[in-house]
Amino acid sequence: MNRNEFENALMSTIVEYISDQIVLRYMDACKKAAVLFSGALIGYTDAVASLNELKKEGWELTVVMSKAAAEVLTEERIKNDIDPEAIFVEGAPVNGRQIIDDNQFVIIPALTINTAAKVANCISDNLLTNMISRAMATGKPIVAAIDGCCPDNEVRAKIGFKVTDAYKARMRSNLEAIQSYGINLTVDRNLCQKVNKVYTASFDFPVPGSDAKPEPKTTKEATTKPACGCMVAKTVESKSIRLDKKVIGRVDIAKNARYQTIVVGSDALVTGLASDEAYNRGITIIRE
């Protein structure tokens with residue numbers, strides 16, 4: 001690298017760092033989530049751990065509880081376990097529409113069989129299902145933990161869940177339906193990681209038409225099996241892209257987030273923020 005190339009690389013790194021700091025501050029300011037508890041107890045301990053981890057990372061949480069959740073979990077327990085910014089309980093005056101509009105994200109850490117069935121069948125007849133419908137209508141990212149409504153959950157089996165296979169199949173189809181609506185499914189122990197991944201991916205950047213050279217890609221149908229045991233089908237794409245740049249910054253990773261692998265030159269400088277962005281999005285960076 002000659003002097004001119006070094007100076008250009010240094011200037012690019014400085015500009016990249018400044019722009020990254022601006023974007024990161026904006027993203028941190030948007031870490032506001034409506035947390036909807038519908039009453040499931042299975043997975044609750046893991047949910048509490050995940051939500052507290054999110055709070056440590058700067059997330060502001062506004063909790064809304066269904067009537068069932070208020071009876072099973074209680075408002076006092078939620079306050080002691082999570083200490084959210086605010087708690088609202090169905091039955092009291094609650095403007096669910098406004099809560100969704102005021103938050104950037106929706107988390108459902110205790111999705112019940114009943115709520116999953118209603119959402120799958122487009123039924124919005126209570127506070128939580130109305131709020132979920134509003135979130136989908138306004139394009140808010142939603143992550144739901146399915147520990148409490150998965151028919152194959154090990155805990156559920158141990159406590160004597162003896163419904164027919166046909167009933168279990170219908171429960172699985174409900175989960176597949178809500179996933180097809182754009183709701184991201186996970187289990188409670190992975191809730192924090194999933195929320196951060198979906199949240200980061202929700203910040204898209206225009207894709208330039210110059211410095212990226214797509215490589216051949218293949219698409220295959222796969223079936224994933226969450227830790228709870230419930231089978232959920234989805235499409236998995238295997239694709240990569242090569243970036244011909246001396247400096248790879250966070251924005252370069254974000255602009256190419258649809259790729260699983262990013263190939264860079266052996267002498268390319270990959271900034272620390274770019275490495276973090278790739279990790280958060282599940283992207284592998286490979287040097288030639």
Side-chain angles (χ1 to χ4, degrees), residues 27-116 118-119 124-136 138 140-150 153 155-156 159 183-199 227-228:
M27 291 176 66
D28 285 341
C30 293
K31 285 184 173 181
K32 298 180 179 180
V35 182
L36 312 183
F37 278 97
S38 57
L41 277 173
I42 297 176
Y44 176 77
T45 301
D46 288 331
V48 168
S50 291
L51 292 172
N52 280 315
E53 190 64 31
L54 288 172
K55 283 179 63 67
K56 291 178 182 177
E57 296 177 4
W59 281 83
E60 295 181 9
L61 307 179
T62 297
V63 168
V64 179
M65 306 176 69
S66 68
K67 290 181 180 179
E71 294 174 359
V72 175
L73 299 173
T74 76
E75 183 178 352
E76 182 180 1
R77 183 177 181 181
I78 293 291
K79 185 175 182 180
N80 291 335
D81 289 346
I82 303 169
D83 190 26
E85 273 62 36
I87 302 179
F88 298 93
V89 179
E90 184 176 16
V94 182
N95 189 337
R97 181 189 182 97
Q98 191 62 52
I99 292 173
I100 293 297
D101 292 348
D102 288 344
N103 286 274
Q104 304 297 322
F105 208 92
V106 176
I107 302 171
I108 311 172
L111 184 62
T112 58
I113 296 172
N114 186 51
T115 300
K118 288 185 176 183
V119 174
S124 302
D125 63 350
N126 58 28
L127 176 61
L128 262 59
T129 52
N130 269 290
M131 292 179 71
I132 295 170
S133 177
R134 174 66 179 176
M136 289 193 292
T138 54
K140 297 292 175 73
I142 306 172
V143 172
I146 62 173
D147 303 57
C149 61
C150 174
N153 183 279
V155 175
R156 184 176 298 281
I159 60 177
I183 295 177
N184 300 276
L185 305 183
T186 187
V187 290
D188 279 303
R189 67 168 174 267
N190 296 333
L191 186 60
C192 177
Q193 179 183 0
K194 186 70 171 182
V195 167
N196 283 325
K197 184 175 183 178
V198 173
Y199 180 72
C228 68

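Since this is a predicted model, take the numbers as computed values, not measurements.
- With a 4.5 Å cut-off on side-chain heavy atoms, Phe88 and Leu127 do not count as touching.
- Met65 approaches Leu128 most closely through the heavy-atom pair C-CD1, 4.2 Å.
- Side chains of Glu90 and Asn126: no donor on one and acceptor on the other come within 3.5 Å.
- Counting heavy atoms from C-beta outward, Arg134 and Asp101 have side chains that approach closer than 4.5 Å.
- A heavy-atom distance below 4.5 Å is not found between the side chains of Leu54 and Tyr199.
- The closest side-chain heavy-atom distance from Thr115 to Ile132 is below 4.5 Å.
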| Does the pair Leu36 and Val106 meet the rule for a side-chain contact (heavy atoms from CB on, under 4.5 Å), with working shown? | CA-CA 7 Å; Leu36 312 183; Val106 176; 3.9 Å; yes

| request: For the pair Ile99 and Asn95, evaluate side-chain contact (heavy atoms from CB on, under 4.5 Å) and give the outcome as yes or no after the intermediate values. | output: CA-CA 6 Å; Ile99 292 173; Asn95 189 337; 5.6 Å; no

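- When the shell of 6.0 Å around CD of Gln193 is examined, it contains 12 or fewer heavy atoms from other residues, nucleotides or ligands.
- Contact between Asn130 and Ser124 at its shortest, heavy atoms only, is ND2-O, 3.4 Å.
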| task | Would you sort out whether Asn103 and Lys140 count as a side-chain contact (heavy atoms from CB on, under 4.5 Å), showing the intermediate values? | result | CA-CA 9 Å; Asn103 286 274; Lys140 297 292 175 73; 5.6 Å; no

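- With contacts defined as side-chain heavy-atom distances shorter than 4.5 Å, the pair Arg156/Ile42 qualifies.
- A donor-acceptor pair under 3.5 Å links the side-chain atoms of Lys55 to the main chain of Asp83, judged by distance alone.
- More than 12 non-hydrogen atoms from other residues, nucleotides or ligands lie less than 6.0 angstrom from CD of Gln98.
- Counting only distance, with no hydrogens or angles, the side chain of Ser38 and the backbone of Ala110 share a donor-acceptor pair below 3.5 Å.
- When every heavy atom of Ser66 is checked against every heavy atom of Gly39, the shortest pair comes out as OG-N, 4.3 Å.
- Contact check on Lys118 versus Asp125 returns a salt bridge, with a Lys/Arg side-chain nitrogen under 4.0 Å from an Asp/Glu carboxylate oxygen.
- The two residues Ala144 and Ile183 come nearest to each other via the heavy atoms CB-CG2, 4.0 Å.
- Heavy atoms only, all atoms of each residue included: Ala47 and Asp188 are closest at CB-OD1, 3.2 Å.
- Each of Ile108, Asn184, Leu185 was scored for a side chain to side chain contact (heavy atoms under 4.5 Å, CB included) with Ile142, with one residue passing: Ile108.
- Between Arg77 and Val72, the shortest heavy-atom contact is NH1-O, 4.5 Å.
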| Going through the checks in order, is the side-chain contact (heavy atoms from CB on, under 4.5 Å) test met by Cys149 and Ile113? | CA-CA 5 Å; Cys149 61; Ile113 296 172; 4.0 Å; yes

